[in-house]
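Contents: one structure, followed by commentary.
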Number of protein chains: 2
Amino acid sequence: MNDRIFVTAHDVARAAGVSQSAVSRAFTPGASISPDTRARILTAADQLGYRPNLLARSLINGRSNIVGVGVGNLANPFFVETMQLLSRALDDAGLRLLLFPADSGATAEPSIHEILHYRLDALVLLSVGLSSTLAEECRRAQVPVVLYNRTTLDDATSSVIGDNQIGARTIAAHLLAGRHQRIAYIAGTAGSSTNAQREAAFFAYLAQQGAPAPLREDGHYDIAAATAATRRLLTRPDRPDAIFCANDLMAIAAINVARHEYGLDVGREISIVGYDDVPMAAWPAFSLTSYSQPAEQMVAQTVRLIRILRDDPDAHQDVIVDGTLMLRGSSRSVANPSAYATTTNIATPRPD
Amino acid sequence: MNDRIFVTAHDVARAAGVSQSAVSRAFTPGASISPDTRARILTAADQLGYRPNLLARSLINGRSNIVGVGVGNLANPFFVETMQLLSRALDDAGLRLLLFPADSGATAEPSIHEILHYRLDALVLLSVGLSSTLAEECRRAQVPVVLYNRTTLDDATSSVIGDNQIGARTIAAHLLAGRHQRIAYIAGTAGSSTNAQREAAFFAYLAQQGAPAPLREDGHYDIAAATAATRRLLTRPDRPDAIFCANDLMAIAAINVARHEYGLDVGREISIVGYDDVPMAAWPAFSLTSYSQPAEQMVAQTVRLIRILRDDPDAHQDVIVDGTLMLRGSSRSVANPSAYATTTNIATPRPD
DNA sequence: CATCTTGTTGCATACATATGCAATACCAGG
DNA sequence: CCTGGTATTGCATATGTATGCAACAAGATG
C-alpha cells in the first residue's frame with residue numbers, strides 16, 4: 001500500500017524549537033506572533049517542505065473554500081466560456097472548483113449526494129435543473145445553491161440568468177422588421193427555464209404584433225436533434241424564411257443544414273438567429289445573428305453571490321443580466337435597426 | 001457570521017443508542033457490525049440527515065479521493081471533449097475532480113501550490129507544461145503527476161499522448177501523395193512537446209522523401225495567431241497549396257481565412273489539414289482532414305494510470321495511443337489512400 | 001519599585017471520523 | 001457446566017490544524 005508520510009506542523013515546530021501553535025500562527029495572516037519567530041518558522045517550514053494541510057484546516061473552520069460546480073452539456077460553447085471564466089474567477093477569489101458531471105437532463109447526478117458533504121461553500125449548477133428533492137437535500141446539508149442560466153420556483157436558491165424575455169422579444173421584433181413571412185422556432189430542452197422563457201416571450205410578442213403563430217420543432221439544445229429539426233422544417237412545402245433557434249449551437253447546426261444540404265443562401269433566402277452569442281458566432285463561416293448572454297458579467301455575478309452566501313446562506317437573490325442583439329450576416333439586414341430597438345441593446349459588430 | 005451546525009456521527013450514535021464507532025462502521029462497507037444495528041443506525045442517520053464528513057475521513061485516510069486537473073486553454077475543443085470524458089470517468093471511479101486554471105504558457109499557475117496540499121490522489125495536467133520546479137514540488141508533496149497530451153523528460157512523471165511522430169508522418173505522406181508542391185506548416189506553441197514532435201517528424205519525413213523544406217509560421221495553438229499566420233502565407237507570391245496546422249483549432253482558422261478572405265476553394269485550390277479530429281472537424285462547414293487523437297482512449301488510460309499511481313506512486317509510465325488519419329474534403333483526394341498507409345490507420349468517414 | 005499594559009508563547013482542547021485493541025455476548029461442542 | 005471460538009461492540013486514540021485561555025516577559029507609567 002501507499003503510506004505517504006507528510007510533514008506536519010509538529011515537525012516544523014520541533015525543527016524551529018517552538019510549539020505547534022506557533023507554526024499555525026506563522027501561517028495565519030494577522031495572528032499574534034513576533035516577526036522573527038515567524039521568519040524562523042517559515043524558514044524551517046520551507047526547508048522541510050511543509051504546507052498546511054487544507055483538509056484539517058477546513059475541518060476546523062467548518063468551511064472548505066470549495067465550490068461545487070455541476071455542468072451538463074459542455075458541447076455548448078457558452079458553457080465552455082463560462083467554465084473558463086468561472087475557474088479563473090473562483091481561483092482569484094481563493095476558492096477551489098470541484099467539478100462534477102450532471103446529466104443534461106432535468107436533475108443532477110447521484111454523485112452529487114456525496115459531494116454535498118464536502119462542506120461546500122456553495123453549489124453552482126450550470127444549466128442543470130434543480131429537482132425539489134435535491135433542493136431539499138442542499139438545504140439540509142446547508143449548502144447554498146446558485147443556478148446559472150436557469151431559474152426555479154424554489155425560494156431558497158439563488159440564480160443568475162440573462163434576460164430571456166427581452167432577448168426573445170428583440171429577436172422577434174428583428175425578424176418582423178425584416179419582413180419575414182414564415183417564422184419558425186427550434187426549441188431547447190423541454191422543461192428548461194431558458195427555453196420556457198424564450199419560447200413564451202417569442203410567441204407572445206409575435207402574437208401581440210398580429211403575426212401568425214410560428215412553426216415549432218424540438219431541438220433539445222443538441223446538434224443532432226437540431227439538425228433533424230431543421231431538415232423537417234426545410235423539407236416542408238411552406239418552407240420558413242426565418243428560424244429562431246433557442247441557442248447558438250442549434251443555430252449553427254441549422255446553418256450547416258440550410259447551406260450544405262439545401263443550398264440556401266443563409267442571410268438572404270433564409271434568416272437564422274441564435275441565442276448566447278458564443279465566440280463561434282462571430283466566425284465568418286457562420287456570421288450568426290445572436291442575442292448575447294454576457295458570460296463575464298454572469299460569472300462575476302455568480303461569484304459575487306457566492307461570497308455573500310458564504311457568510312449569510314439566507315441572502316439568496318435572483319440576478320438578471322442584460323444582453324445585446326448582435327446583428328450579423330445570417331439574418332436579413334434592416335435599414336434602421338434602432339427603429340425597433342426600444343427595449344434593449346443592439347450592435348452590429350465587425351467580424352473578428 | 002455563518003456558523004453552520006452539522007449533524008455528526010456522535011449525534012447519530014446518541015439517537016441510535018450506540019457508540020460513534022458503530023456509526024462509522026455502519027457507513028464502512030465490510031466493517032464488523034451486525035446487520036440490524038447497521039439498519040437501526042442508517043435509519044437514525046437518515047432521520048437526522050447525517051452524512052459522513054468527507055474532509056475528516058480524508059484527514060484520517062491520508063487520501064482525499066480528489067484528483068487535481070489543471071487546464072490551460074479550453075478554446076480548443078479537444079480539451080473540452082477531454083474534460084467532458086474525464087469528469088465522467090473520474091466520477092465513475094469514485095474520484096472527485098478539482099479543476100484549476102493553468103495559463104496555457106509553459107508552466108502552471110500559482111494557485112497550484114496551494115492545491116497540491118489537498119493530499120490529491122493525483123495531478124493531471126491537460127496540455128500544460130511541467131516546469132522542473134513544479135515537478136520537484138509535486139514530488140515533495142508526494143502527488144503523482146500525469147501529463148495529458150504532453151511529455152517531459154522528467155523521469156518521475158507519467159504521461160498519456162497520441163503518436164505525434166506517426167501522425168505527422170502520415171499527414172506528410174498524404175500531402176505528398178496529393179502531389180502538393182508548396183507545403184506549409186503552422187506551428188503550435190513553441191516549447192510544447194506536441195508541437196516539437198509533430199514539427200520534427202513532419203519536416204523529417206518531407207526531407208527524407210526529397211521534398212523541399214516547408215514554409216513555417218507560428219500559430220501558437222491560437223485562433224488569432226493562426227489567422228494572422230494564414231494571412232501571411234496566403235499573401236505570398238508563392239502561395240502554398242497545402243497547409244498542415246498543428247491542431248484543428250488553427251486549421252479551422254486557416255479555412256476561414258482561405259475561404260472567406262481569399263476566396264479559395266479549400267480542398268481543391270488549397271489543402272488544409274489539422275490534428276486532433278475534434279467533433280467540429282466533421283461538420284460540413286469545415287470537413288477537415290485531420291489526424292485523430294482518440295480522447296476516450298486517452299482519458300481511459302489517464303484514469304487507469306491514476307488508479308495505479310494511487311497505490312504505488314512510483315509506478316510511473318508513458319502511454320502512447322494510436323490515432324487515425326480522417327480523410328475529408330479539406331484536402332485533395334487521392335485515388336488510393338492505402339497506397340501510403342504503411343504505418344497507421346486511415347479512414348474516410350461520412351459527414352455527420 | 002510596584003503596577004499596568006502590551007505583545008508573545010505554549011497548553012489544552014476541539015473539529016469529525018477511522019480503527020486497533022480489549023471486552024462482551026453468544027453459541028456449539030465436549 | 002465448562003471451554004473455545006466467533007461475532008459485535010465500545011474505548012481510546014490518531015489524523016493535522018486552529019484558537020481560547022493562561023502564563024510569561026518586557027516595557028511603560030505612576
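Residue numbers begin at 1 in each chain, while the letters A, B, ... track the order of the sequences. We use all heavy atoms of the structure for the numbers below, so side chains are in, but hydrogens, waters and symmetry mates are not.
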Qualifying residue for side chain to side chain donor-acceptor pair (under 3.5 Å) with Ser127(A), from Thr194(A), Thr189(A), Asn149(A): Asn149(A)
What integer distance in Å separates Phe6(A):CZ from dG16(D):C1'? 11 Å
Can you find a side chain N or O atom of Ser24(B) that sits less than 4.0 Å from OP1 or OP2 on dA18(C)? yes
So if I take every side-chain heavy atom of Ser19(B) and compare against dC11(D), dA16(C), dT9(C), which nucleotide ends up nearest? dC11(D)
Take the protein atom NE2 of His117(A) and the nucleotide atom C1' of dT17(C), then report the distance between them rounded to whole Å. 15 Å
For a quick check of understanding: with a heavy-atom distance under 4.0 Å over all strands, which category does Val23(B) fall into, base, sugar-phosphate or nothing? nothing
Any donor-acceptor pair under 3.5 Å joining the side chain of Ser21(A) to the base of dC11(C)? yes
dT9(C) OP1/OP2 closer than 4.0 Å to side-chain N/O of Ser32(A): no
Rounded distance in Å - NE2 (His10(A)) to P (dT17(D)): 8 Å
Is Arg57(B) near enough to dA18(C) that one of its side-chain N or O atoms lies under 4.0 angstrom from OP1 or OP2? yes
Would you indicate what Leu59(B) reaches in the nucleic acid, counting non-hydrogen atoms under 4.0 angstrom: base, sugar-phosphate, or nothing? base
How close or far is atom P of dT9(D) from atom CZ of Arg38(B), stated in whole angstroms? 10 Å
By the 4.0 Å heavy-atom rule, please label Arg51(B) as base, sugar-phosphate, or nothing. sugar-phosphate
Just how far, in rounded Å, is P of dT8(C) from CZ of Arg40(A)? 13 Å
Just verifying a value: how many Å separate Asp121(B) CG and Ser64(B) OG, rounded to the nearest 0.5 Å? 5.0 Å
Want to settle it: does Pro35(B) or Ala56(B) sit nearer the 5' end of DNA chain D, counting the closest nucleotide to each? Pro35(B)
Please report the distance, rounded to the nearest Å, between CZ in Arg63(B) and C1' in dG16(D). 18 Å
Shortest side-chain distance from Tyr50(A), nucleotide among dT17(D), dC11(C), dT9(D): dT17(D)
Tell me whether Arg119(A) forms a cation-pi arrangement with Phe6(B), defined as NZ or CZ under 6.0 Å from the six-membered ring centre and within 45 degrees of its axis. yes
Side chain of Ile60(B) (C-beta onward), nearest among dT17(D), dT9(C), dT17(C): dT17(C)
Would you kindly check whether a donor in the side chain of Arg25(B) faces an acceptor in the base of dG10(D), or vice versa, at under 3.5 angstrom? yes
I need the CD1-C1' distance between Ile33(B) and dT6(D), as an integer number of Å. 17 Å
Between Val80(B) and Leu74(A) the two heavy atoms that sit nearest each other are CG1-O, 3.5 Å
Measure the distance from CD1 on Ile41(B) to C1' on dG10(D) and round it to the nearest whole Å. 12 Å
Could you please name the option among dT9(D), dG10(C), dA12(D) that lies closest to any side-chain atom of Gln20(B)? dA12(D)
Residues Gln20(A) and Ala13(A): closest non-hydrogen pair is N-CB, 3.7 Å
Is the distance between the ring centroids of Tyr221(A) and Phe78(A) under 6.0 Å? no
Would you indicate what Ser58(B) reaches in the nucleic acid, counting non-hydrogen atoms under 4.0 angstrom: base, sugar-phosphate, or nothing? nothing
Given dC15(C), is OP1 or OP2 found less than 4.0 Å from the side-chain N or O atoms of Arg119(A)? no
